[in-house]
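In what follows, a single structure is set out as structure tokens and then discussed.
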Amino acid sequence: MDMEDNVSLKDKEKAEEQMIEQAFQELLNDYLATKHRKRVEIITKAFNFANQAHKGIKRRSGEPYIMHPIAVAKIVCNEIGLGSTSICSALLHDVVEDTDYTVEDIENIFGPKIAKIVDGLTKISGGIFGDRASAQAENFKKLLLTMSDDIRVILIKIADRLHNMRTLGSMLPNKQFKIAGETLYIYAPLANRLGLYKIKTELENLSFKYEHPEEYQEIEEKLAATAAERDKVFKEFTTPIRTQLDKMGMKYHILARVKSIYSIWNKMQTKHVPFEEIYDLLAVRIIFTPKNLDEELNDCFDIYVAISKIYKPHPDRLRDWVSHPKANGYQALHVTLMGNNGQWIEVQIRSERMNDVAEQGFAAHWKYKEGGGSEDEGELEKWLRTIKEILDDPQPDAIDFLDTIKLNLFASEIFVFTPKGDIKTMPQNSTALDFAFSLHTDIGSHCIGAKVNHKLVPLSHKLQSGDQVEILTSKSQRVQPEWEVYATTARARAKIAAILRKEAKANQKEGEVMLSEFLKKESIRMDDEALNKLTRLHNFHTHDELLAAIGGKKIVLGDADKNAFKEKSSGGWKKLLKFSFGNKDNKEVETSQSEKTTQGKINTKQILKLTEETISKDYIMADCCHPIPGDDVLGYIDENNHVIIHKRQCPVAARLKSSYGNRIIATEWDTHKELSFLVTIYIKGIDCMGLLNEVTQVISRQLNVNIRKLTIETNDGIFEGKIQLYVHDVDDVRLICNNLKLIQNIKQVTRIED
């Protein structure tokens, strides 16, 4: 028996070795097919080193650990288009983190460049797939710091995350939510900002698939069911375009691009429309080879002119990213044409180079600009510089930090001009104040107003593409607290917050001196008790706020403050009572809570069952998203050890998953239609006599549901309404929506957050 076991073990090991060897051979073949210098030797050396270091280690899925670094290296090579340095770094990226080897060992064997990248990747690991899950914002901060040394660090990290997402099925549910949440919150926007559209789309889709498996499957099935119809539309629409391009002697290929499952769902949520009412599922991409590189721009416009003779273009939907590339380097000409089927179809016109840049981001720039120092890399440098400034003065709260960075990641661009005619790229929704800070911190902090297109405007004025902006300053101007509301860019927000914090600190010091002198005169000791009394008296939350207000002359200490100290005896008696009862109460609370919901008792790795009894007693339903039975939900253990139930797609939950992933619990409903929950349903349609009567009949009579509140508004023959009603679960909502849709003049019915 032992011998048989031994033989089968050897066979298993042999099979694993063959699998590893085959995977590595595929990587080498992919690398040899690229235009990079053929440095096979160093890649083989890195593979052998990593294979030896990870020998005998298995991933959670049961496969040998080395398969993960090989898969990451393949993504780095094929999908991001990087060369041997990055491939070696990807193969070695977990060696320092998971084995006894050090960065010095890597440097001695592979040189300083690879060692520096591996070091950067090690610093930002932090055990996302282990039990060492720390606040993800801290890792993200490190990630941004290291990426400003070498952008390849972040590109390999994105490849690592993509492979982890592709293999997420083997993880525990609470880990899946944490990883999917931070992917959607951090990594997808980051991939987008670096121009990796293909990867960004896949990261979004995979996150969505794990967070909302049923909706994902439903949309996937609907896409499959409508595929034949789309193919027919695509063929009919592109036939005359091909004929025209052939006449022009263009070398090209045309692709159909189908909207991603995640963006379809997103549109359904934000626009409150069903799948059937999303009309931009299909877009057409024309990718051409220019006659020569100098003619690239002209060729784009020649194709546009040619196809707009075949189909009528939408007057407001021409997007010229060719003359003005996006900050991440994206270039294309987008035009929307009216097809013969009466639907608008977007056509994206790109050269092969532009297409590479769109799919591989800045990595493709390096491929096409081997001389380096290109203008496009200047955009990347500019973005990294902004991030460095934010990191130099980081927000005290990790979540604030993430939100500030996200302002930069998500931003679409507008183009504005300086008085001299220089063009500046700014995020969409930027204000005059943002523009002032983008020029220089001094200009921003002394800014009093601006002239936009020679007209005077306030600091809060929102800029439009094509505006010419002149900033007006005054030496006497100081940063005002309300500026934080006017500023929308990460840079301006960070600078304003830093200046205000600096001023507050100076005011606190001044306030401390002033308060100390005041209390000395009254022969009162300046201790915590005295500070607490004055903080309460002036309605502040903290001592620091009180001192800053005194130092900033917002509070003048006087008789009211003296009087607060005259009721000493009664105050002390109250304090003693409060102390004794407070302690007793606290102990009781602690005991009951620890029995129910402490992190020690609730195992975050298990799936929490939500039953009638526990919902009413032990858990809190989040006010931000009002989950009801049947919704995809998760639990979050807060600082007071309460379990708060959020919908998985709730924006608050998205932030929590990113920064407190180790407190997330997988949850599922186990209810039996006993409890009632309040939901809001939005209806819209054509106004007619008796409509309200029909609506209430369906809800109250047919379905026996209680209405709590109903508001209906009509305008020019169109009515809109919101109905708040009590239901047991998502099935009730579905039934109500389907029955309301059967009423003839109702065109739209959807559940909303109110």
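Because the structure is a prediction, the values reported are computed rather than measured.
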Y187 and S207: CA distance, side-chain angles, deciding distance, side chain to side chain contact (heavy atoms under 4.5 Å, CB included) verdict
CA-CA 11 Å; Y187 287 93; S207 298; over 6 Å; no

After noting the C-alpha distance and the side-chain angles of E346 and V335, does the key distance pass the side chain to side chain contact (heavy atoms under 4.5 Å, CB included) rule?
CA-CA 6 Å; E346 187 183 64; V335 53; over 6 Å; no

Identify the two heavy atoms, one from [X] and one from [Y], that lie closest to each other, and give their separation to 0.1 Å.
{"X": "Q468", "Y": "T418", "answer": "NE2-O, 3.3 Å"}
{"X": "L333", "Y": "C300", "answer": "CD2-O, 3.7 Å"}
{"X": "S308", "Y": "L337", "answer": "CA-CD2, 4.4 Å"}
{"X": "P173", "Y": "A666", "answer": "CB-CB, 3.5 Å"}
{"X": "S323", "Y": "D320", "answer": "OG-OD2, 2.6 Å"}
{"X": "I199", "Y": "I80", "answer": "CD1-CG1, 3.7 Å"}

Are [X] and [Y] ion-paired here, with the side-chain N under 4.0 Å from a carboxylate O?
{"X": "E211", "Y": "K657", "answer": "yes"}
{"X": "D160", "Y": "K157", "answer": "yes"}
{"X": "K271", "Y": "E277", "answer": "no"}

Would you say that [X] contacts [Y] through its side chain, given a criterion of any heavy-atom pair below 4.5 Å between the two side chains?
{"X": "S438", "Y": "M426", "value": "yes"}
{"X": "V322", "Y": "M354", "value": "yes"}
{"X": "T34", "Y": "C77", "value": "yes"}
{"X": "V633", "Y": "H646", "value": "no"}
{"X": "H253", "Y": "I286", "value": "no"}
{"X": "L255", "Y": "V284", "value": "no"}
{"X": "D631", "Y": "R751", "value": "yes"}
{"X": "R350", "Y": "Q331", "value": "no"}

If you measure only the distance, is there a donor-acceptor pair under 3.5 Å linking the side chains of [X] and [Y]?
{"X": "T488", "Y": "N429", "result": "no"}
{"X": "S263", "Y": "N266", "result": "no"}
{"X": "S89", "Y": "S86", "result": "no"}
{"X": "R648", "Y": "Y210", "result": "no"}

Is it the case that atom [atom1] in [X] sees more than 12 heavy atoms from other parts of the structure closer than 6.0 Å?
{"X": "K198", "atom1": "NZ", "result": "no"}
{"X": "K647", "atom1": "NZ", "result": "yes"}
{"X": "E276", "atom1": "CD", "result": "yes"}
{"X": "K267", "atom1": "NZ", "result": "yes"}

Stepwise, does the side chain to side chain contact (heavy atoms under 4.5 Å, CB included) test hold for V347 with Y311?
CA-CA 11 Å; V347 179; Y311 300 110; over 6 Å; no

May I have all residue pairs that pass salt bridge (charged side-chain N to carboxylate O under 4.0 Å, His left out) and include part of residues 68-78, sequence neighbours excluded?
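Found E26-K74.
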
May I ask you to decide if the ring planes of H68 and H93 are parallel, tilted or perpendicular, using 30° and 60° as cut-offs?
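Aromatic pair H68/H93 classed perpendicular.
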
In terms of the angle between their ring planes, are Y304 and F301 parallel, tilted or perpendicular, with boundaries placed at 30° and 60°?
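Answer is perpendicular, since the angle exceeds 60°.
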
With ring centroids as reference points, do W344 and Y279 lie under 6.0 angstrom apart?
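No, they do not, as the ring centres are separated by 6.0 Å or more.
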
With a 6.0 Å cut-off on ring centres, are H314 and H334 close enough?
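No, the ring centres sit 6.0 Å or more apart.
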
Could you pull out every donor-acceptor pair under 3.5 Å between side chains of residues 216-224 and any protein atom, sequence neighbours left out?
from, atom 1, to, atom 2, distance (Å)
Q217, NE2, E221, OE2, 3.2

